[in-house]
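First the structure, in the form of structure tokens, and then the observations on it.
Naming: A, B, ... by sequence-line order, numbering from 1 per chain.
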Protein chains: 2
Amino acid sequence: MKTDDDLVFRALADPTRRHLLDRLYERDGRTLTELESELEMTRFGVMKHLRLLEEAGLVVTRREGRQKLHYLNPVPIRLIHDRWIDKYRERQVSALANLKSELEETA
Amino acid sequence: MKTDDDLVFRALADPTRRHLLDRLYERDGRTLTELESELEMTRFGVMKHLRLLEEAGLVVTRREGRQKLHYLNPVPIRLIHDRWIDKYRERQVSALANLKSELEETA
DNA sequence: TTGACATGTGACTTTTTGGTCACTTATCAT
DNA sequence: ATGATAAGTGACCAAAAAGTCACATGTCAA
């Protein structure tokens, strides 16, 4: 059996799919053709990736005529967070994460 | 090139490794042998999984005589969160995630 | 110091995943 | 209608990951 969260984690495991999420985080409502244009991969590869993201619920889509618009859904990401970070430790962990980011910016 | 975050996402992609994180979230400082005992897999399989988790920084270890103790490090998880959830939307998303969890509990 | 215990390594096989391609379907504008 | 545009399907190949095994190392206790 393939559980719900399994789809999410598997979807996130690929760098191309994470890149697609990054692009949609930046601005969503994009089409397959638009997303494809900036990747060194055929349309079919990108389509497969988008399908996995959609099946995982990380991306939701809406049809508009002959094109399909893609939107980022961050809820599954939050659920990953909540699985291993309880609200009592959230502040500390968040502070550490910020510290790490800042150190890396100046490095 | 294999980036830092790539190791984290790949590590999280496997159900056995997520299970190991769950066990360590429950209580950490466990040994390989202890973690192995509850899995239907040889010691070698579990060892490989733990090594990937450690390389990803999701688990940190400390040697204690002939045994190796494993601890959960939640910081990389928080960094995943911060990648796609900005602090302005964090509240909404968190609320939606809680709602989803509650609905599933009673279902 | 010897036997038992806890962890580690490298080679190997099987399964899963990523990517491409030929071909198809649906929608729009002229 | 028809040519152009956007998205979809199933088969296929190559690359990567999961898991096991024979063998090896380091540590403890009697």
Item to check | Proximal nucleotide (of C/dG18, D/dA18, C/dT20) relative to the A/Leu52 side chain | outcome: C/dG18

Checklist entry - Judged by atom type as modelled, is there a donor-acceptor pair below 3.5 Å linking the side chain of A/Arg63 to the main-chain atoms of A/Lys68? => result no

Item to check | Whole angstrom value for the distance that separates C1' of D/dA24 from CZ of B/Phe44 | outcome: 11 Å

Checklist entry - For D/dA18, does OP1 or OP2 lie under 4.0 Å from any side-chain N or O of B/Arg17? => result yes

Next on the checklist: Is the phosphate of D/dA17 approached by B/Arg10 (side-chain N or O, under 4.0 Å from OP1 or OP2)?
Outcome noted: yes

Item to check | Protein-nucleotide distance (B/Leu35, atom CG; C/dA6, atom P), rounded to Å | outcome: 13 Å

Item to check | Atom pair distance, as rounded to whole Å: NE2 in A/His19 and C1' in C/dG18 | outcome: 17 Å

Checklist entry - Is A/Arg43 side chain donor-acceptor paired with the D/dG8 base, going by distance under 3.5 Å alone? => result yes

Checklist entry - Are B/Trp84 and A/Ile80 in one and the same hydrophobic cluster, where Ile, Leu, Val, Met, Phe, Trp and Tyr link if side-chain heavy atoms are under 4.5 Å apart? => result yes

Next on the checklist: Do the side chains of B/Glu64 and B/Arg62 get close enough for a salt bridge, i.e. N-O under 4.0 angstrom?
Outcome noted: yes

Checklist entry - Cluster question for you: counting only ILVMFWY and a side-chain heavy-atom cut-off of under 4.5 Å, with indirect links fine, are A/Val60 and A/Leu53 together? => result no

Item to check | B/Gln67 CD - C/dC5 P separation (whole Å) | outcome: 13 Å

Checklist entry - Taking OP1 and OP2 of D/dG19, is either one under 4.0 Å from a side-chain nitrogen or oxygen of B/His49? => result yes

Item to check | Between P of C/dT17 and CG of A/Asp6, the distance in whole Å | outcome: 8 Å

Checklist entry - Quick one: which of C/dG18, D/dG19, C/dT20 gets closest to the side chain of B/Met41? => result D/dG19

Checklist entry - So what does B/Met47 hit on the nucleic acid, given a heavy-atom distance under 4.0 Å: a base, only sugar-phosphate, or nothing? => result base

Next on the checklist: Can you tell me if B/Thr33 touches the phosphate of C/dC5, counting only side-chain N or O atoms and a distance under 4.0 Å to OP1 or OP2?
Outcome noted: no

Checklist entry - Just how far, in rounded Å, is C1' of C/dT17 from CG of A/Leu50? => result 17 Å

Checklist entry - For C/dG8, does OP1 or OP2 lie under 4.0 Å from any side-chain N or O of B/Lys68? => result yes

Checklist entry - If you find the nucleotide of DNA chain C closest to B/His70 and the one closest to B/Lys48, which residue's nucleotide is nearer the 5' end? => result B/His70

Item to check | Side-chain donor/acceptor of B/Arg66 to base of C/dT7, under 3.5 Å | outcome: no

Next on the checklist: Quick one: does any side-chain atom of B/Arg30 pair with a main-chain N or O of B/Arg27 as donor and acceptor, under 3.5 Å?
Outcome noted: yes

Item to check | Separation of atom CG in A/Leu12 from atom P in C/dG18, rounded to whole Å | outcome: 12 Å

Item to check | Interatomic distance where CZ belongs to A/Arg51 and P belongs to C/dG18 [whole Å] | outcome: 11 Å

Checklist entry - Are any of A/Thr42's side-chain N or O atoms less than 4.0 Å away from OP1 or OP2 of C/dG19? => result no

Checklist entry - Is A/Lys87 paired with A/Asp82 through a side-chain N to carboxylate O contact shorter than 4.0 Å? => result no

Checklist entry - Are any of A/Thr31's side-chain N or O atoms less than 4.0 Å away from OP1 or OP2 of D/dA6? => result no

Checklist entry - Checking all strands, does B/Gly45 fall into the base, sugar-phosphate, or nothing category for heavy-atom contacts under 4.0 angstrom? => result base

Checklist outcome for this item: Heavy-atom nearest nucleotide on DNA chain C taken for A/Arg63 and for A/Val46; more 5' hit belongs to A/Val46

